[in-house]
Each structure stands twice: as structure tokens, then as C-alpha cells.
Amino acid sequence: MDSAFFHMVLDYINIVFLMFTVTLFTLFSIMGYLSTRNSIHYRKKNSFGSLSKVMASPLAPSITIIAPAYNEGLTIVENIRSLMSLRYVNYEVMVVNDGSKDDTLQKMIDAYDLVKVDQKIDPNWKHKPIRGIYKSPHRAFSKLTVIDKENGGKSDALNTGMALSTNRYVGCIDVDCLLLPDALLHVVKSFYQRSEKRVIAVGGVIRVANSCVIEGGQLEEIRLPTNWLARFQLLEYTRSFILGRMAWGSIDSLLIISGAFGFFDREIALAVGGYDTGTVGEDMEIVFKMRRYMHDRKEPYTIEYIPDPLCWTEVPEDLKILVNQRDRWARGNLETLFKHKDMFFNSKYGRLGLLSYPYWFFYEWLAPLMEFFGFFTIVTFMYLGILNWEFFIAITAMVYLFSVMFSFYAILWDVYSYNEYKKTKDILTLMFCALIEPILFHPIVVWSAVRGNYKKLFKIKSGWGSQVRKGFAKAA
């Protein structure tokens, strides 16, 4: 009786895992198809014509790039130099010094000869107190505005920038990100290429800059990271941005725009209250709010996604920092999903409620938990002697081979599309990473997600954490 019961339970668990796995394979295959089709369409659409002359006009739409800075004294001058060298006329760089404890503010004052100016501040907009607003009297630095405020976190800093900006669009980026010179041309083109729908946000691909050569705020040479953790993340980013988000963007169901490179219609962003300062997943949460805002008002809208490699950033090379980062992402996912739980299978929100939200719930949030507890289930069944070894080996091999094939496809499609890494050795190295990633790197990601969910569910206080950046490589 007991043996029959255990075998019945095991059969049900096998069915659940098999259905989950098959559904996952199907979804990822569809995502690969959609992303490929959309990438081909994007390349054809942008293979002719140029907006560079139009966007160099003073009549071009205005953009404010908001870059929060906290203890960035080592690189802040170089970072600002990069942001001020973009090929666009009508834009402003607004650096928000979020209560830095180092010499970040003084470095900016000295490098750009900044002086404090008077500027009207909306008393109804909630943010930490502003200590000063700085501008330079020199024409060469007229695009730069520095806001010095008390520490309130990244969301509060971005909200401060939104409140003080007067431009139509705002770009929210990490101050240490490197934007390519034509980045704003692509962004503005994305905002204006639709006539039947209002484009409320534009997101794009994030590239890994570790070991790349940067000189004078410009990307001089693209190199494969020398650090193995960074290589695994490069592979992960390639899958996520080139295939995953491209696919969701193709059916207008993208639910997240990376905090490192996101541009918004300022009017809509302010209408929803800006970023939520009570979550660590603010980049995902603001997209949810803006989509819901437009859905509730039944206004035609869309969110555009740019697959071109316009933004480069440094990823963690330290295991502890990486785990803290993924821990934070997991907590942000859970917070946002719970806050907008009424969207779950809600036909009112169309594809967002019936497809995007369920996918995010089951495969971005629930899947790591199932993997983690599935491991202990397997160990328990092994101990009890009731594990179906043939099924276990078959499904494990199937999952491993599919994940490797999907990574191979992402690498090869990236080579075909953009060919950033031109050395055969680099491509083979990435393919080797794909072979060992499910064994070495993926368990770290799963553990980090479990830890983040545990902290959130049991209300263990944990903030953003910190990333000690090593800086971009200099040319030899």
C-alpha cells in the first residue's frame, strides 16, 4: 500500500515536471522564431535611409539623460565625458549625485567648473531634499546639469531628475554605462516611427564591457571578458536580450526595460508617479504601471525595443556581488508580480494578462524554486529507492541538450547579426561556456533566486547591495 502510494506520487511528479519542461521548450522555441523574424525585419527596415541629418537639427525632440551617481568618484568625470559626446543636438545630461560619501560631487565641480544655480522645484513631488543644483558657465558644458541631493536610492534619484527635467523624453541609465555615439538617434527614431500608436518607452540591448578598451569615453576595442563569471553573464545577456526580449517586443508584450538603458515618454512616466521607491525592481515596476495606465484609458500605445548594441556596461566579476545582484532581482520580480497580481490571466490586459504575466510568474519566478526543491525531491526519492532512473536521466539529458542548443543558437545568431566578437577563438570560448554553464553557472543563479525569495517572503531586510567595479580596460 505504502509502496503503491509512493509510486503514484512519483508518477504525478514525473507528469508535472514533464509537462513543465515540454511547455518551456515550446515557449523558448517560439521565442527563438519570433526574435529571429523580428531581427530580420528590423535589419531590413533600417538598411536604408538615415535620420542623422534630421536628428542633428535644433528642432529635434528634446531628451534628458538622467544618470544617478553614488560614490562614483573614480570614474565620474570619464563617464560624463562619454555622455556628453553623443551625436545629438537637443539633449541634456542630468547627473543626480545621490548623497555620495566620496568626492563624486567635488570631482564634477572641478572638472566642469560647476556653480550653484537657482531653479524652481515642484514642492508636491516627493523626493529626498535637494542640496543644490549646479551648471557650468562654459558653453562647452552647457548640456550638463548636476543635482546634489540627500541619499534616497536609485529610484528617488531618477524621480528627482524626472521632476526637474522639462524635456519631452527622459532616458534613465546607469552613470557608468557607455552609450555609443548614435544611441540617441536610434532612440528618437523608435519614438517617432509609429503613427498609429503612442510609443511610451524604448528599451534596448545591454552589452558586457568587461575587458573592452575604452579611451576618452569611447569604445575603442571590443574584447571577450577574461573573467569566467563575466563570460557566463555575457552568454546569459546574449540569450536574454537578443532572443528573449526581442521576441516579447515583437508581439508588443515586453514587461521589463533594463535600468541601465531605458527611455520614457516623460508625461506618462510622471502620470504614473515615476519609479516606485519601495521596490528594488523599479525598472520592471514602472513598465507595469505605464502599460496599465494606457490599458485602463484604452489608448493605443506600444513599447519599442532596439536590438542594436548601443549600451555597454560592466558586470560583476566577484561571486558574492553576483549573488547579491541576482538576489535583488528575484526580490524585485516577486514584489512587482505581487503588486500587480490582478493582471494574472486577466483578459482585460490582453496578451499582457494572458501571456506575459503568466510566463513571468511560472518561468521567471517559479521555475528556479521548482528546480531547487526538485533537487531535494530527487535526493529523497533516491534515498527511498523509488527514483525512476530512466526518466530522470532522459529528462536531465533533454533539458541539458536543449539549453546548450538554445545558447548555441543565440551565439550564432548574434555573430550573424552584429559579429561583435570576430575572433574564432572567442566564439569557441562562448560555445564552451554554453556547454558548462548549466553545470557551473546556472546553479548559482538558481540559488540566488531562492535566497532572494526567502528574504522577501520572510521579510528579511536587504537593500541594493553594492558592486565594486574594476573599471574598463585601457589601451596598452
Side-chain angles (χ1 to χ4, degrees), residues 34-67 82-94 143 165-173 177-207 218-219 241-242 245-254 256-269 283 287 290-291 294 299-313 414 417-418 420:
L34 290 174
S35 62
T36 302
R37 188 185 68 174
N38 201 30
S39 295
I40 293 173
H41 174 71
Y42 180 86
R43 286 166 61 89
K44 289 181 177 179
K45 183 176 64 175
N46 291 276
S47 62
F48 57 89
S50 173
L51 288 180
S52 58
K53 293 182 179 180
V54 177
M55 294 310 161
S57 166
L59 299 178
S62 55
I63 300 178
T64 296
I65 299 177
I66 306 171
S82 173
L83 292 175
M84 293 179 64
S85 63
L86 301 177
R87 289 184 57 216
Y88 200 74
V89 172
N90 201 2
Y91 81 100
E92 171 189 23
V93 176
M94 185 177 290
K143 294 181 183 297
S165 171
T166 57
N167 292 329
R168 180 170 183 179
Y169 301 111
V170 291
C172 301
I173 69 169
C177 282
L178 174 69
L179 299 186
L180 296 193
D182 288 342
L184 293 186
L185 299 180
H186 286 271
V187 169
V188 171
K189 181 178 180 180
S190 296
F191 272 115
Y192 274 80
Q193 66 184 357
R194 298 271 190 163
S195 58
E196 73 283 2
K197 293 181 179 180
R198 181 172 184 174
V199 179
I200 63 171
V202 173
V205 171
I206 306 299
R207 293 283 183 164
Q218 300 295 319
L219 180 65
F241 287 100
I242 300 297
R245 297 191 186 181
M246 191 69 181
W248 288 113
S250 70
I251 58 174
D252 197 13
S253 300
L254 194 64
I256 184 170
I257 289 178
S258 174
F261 184 80
F263 288 77
F264 303 94
D265 185 316
R266 178 173 172 267
E267 180 184 358
I268 306 300
D283 49 357
V287 176
M290 293 177 71
R291 280 193 174 277
M294 299 300 286
E299 296 182 25
Y301 80 97
T302 189
I303 290 178
E304 291 290 331
Y305 182 77
I306 305 173
D308 294 310
L310 303 177
C311 179
W312 295 72
T313 190
D414 187 43
S417 301
Y418 298 102
E420 300 289 355

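Only heavy atoms go into these numbers, but all of them, side chains included; no hydrogens, no water, no symmetry mates.
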Sidechain-backbone polar pair: [X] side chain, [Y] backbone, donor-acceptor under 3.5 Å:
X    : Y    : value
T302 : V199 : no
K143 : V89  : yes
N167 : S62  : no

To the nearest 0.5 Å, what is the distance between [atom1] ([X]) and [atom2] ([Y])?
X    : Y    : atom1 : atom2 : result
L179 : S82  : CG    : OG    : 6.5 Å
N38  : M246 : CG    : CE    : 4.0 Å
I65  : M84  : CD1   : CE    : 10.5 Å
L178 : S85  : CG    : OG    : 8.0 Å
L219 : E420 : CG    : CD    : 8.0 Å

Plane angle bin for Y169 and F191 - parallel if under 30°, tilted between 30 and 60°, otherwise perpendicular:
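F191 and Y169: parallel rings.
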Mind checking what makes side chain to side chain contact (heavy atoms under 4.5 Å, CB included) contact with T36, not counting sequence neighbours?
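Partners of T36 by the side chain to side chain contact (heavy atoms under 4.5 Å, CB included) criterion, ordered by chain and then number, come out as I40, Y409, W413.
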Residue list, side chain to side chain contact (heavy atoms under 4.5 Å, CB included) with D182, at least two apart or on another chain
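If we apply the side chain to side chain contact (heavy atoms under 4.5 Å, CB included) test to D182, skipping adjacent residues, the hits are R87, L185, H186.
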Counterpart residues, side-chain hydrogen bond (donor to acceptor under 3.5 Å, both in side chains), relative to [X] (two or more places apart):
X    : answer
S258 : none
S250 : none
E92  : T64, T145
R37  : none

With V188 as reference, evaluate V202, I63, N90 under the side chain to side chain contact (heavy atoms under 4.5 Å, CB included) test and give the passing residue.
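So, applying the side chain to side chain contact (heavy atoms under 4.5 Å, CB included) to V188 and each of V202, I63, N90, only I63 qualifies.
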List the residues meeting salt bridge (charged side-chain N to carboxylate O under 4.0 Å, His left out) with [X], not counting sequence neighbours, and say none if there are none.
X    : answer
D414 : R207
E267 : R198
R245 : none

Which heavy-atom pair separates [X] from [Y] by the least distance, and what is that distance?
X    : Y    : value
G259 : D283 : N-OD2, 3.3 Å
Y88  : P61  : OH-O, 2.6 Å
R291 : L254 : NE-O, 2.8 Å
L180 : P309 : CD1-O, 3.0 Å
A247 : L34  : CB-CB, 4.0 Å
C311 : A260 : SG-O, 3.8 Å

Can you list the residues that meet the ring-ring contact (aromatic ring centres under 6.0 Å, His included) rule with [X], with sequence neighbours excluded?
X    : result
Y91  : none
Y305 : none
F264 : none

Evaluate I303 against M290 for side-chain contact (heavy atoms from CB on, under 4.5 Å), listing each step before the verdict.
CA-CA 10 Å; I303 290 178; M290 293 177 71; over 6 Å; no
Does the side chain of W248 come within less than 4.5 Å of I256's, by heavy atoms?
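They are not in contact (no side-chain heavy atoms under 4.5 Å apart), so the answer is no.
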Do V205 and F261 have side-chain heavy atoms sitting under 4.5 Å apart?
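Counting from C-beta outward, V205 and F261 never come under 4.5 Å.
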May I have the step-by-step check of side-chain contact (heavy atoms from CB on, under 4.5 Å) for I257 and F263, ending in yes or no?
CA-CA 9 Å; I257 289 178; F263 288 77; over 6 Å; no
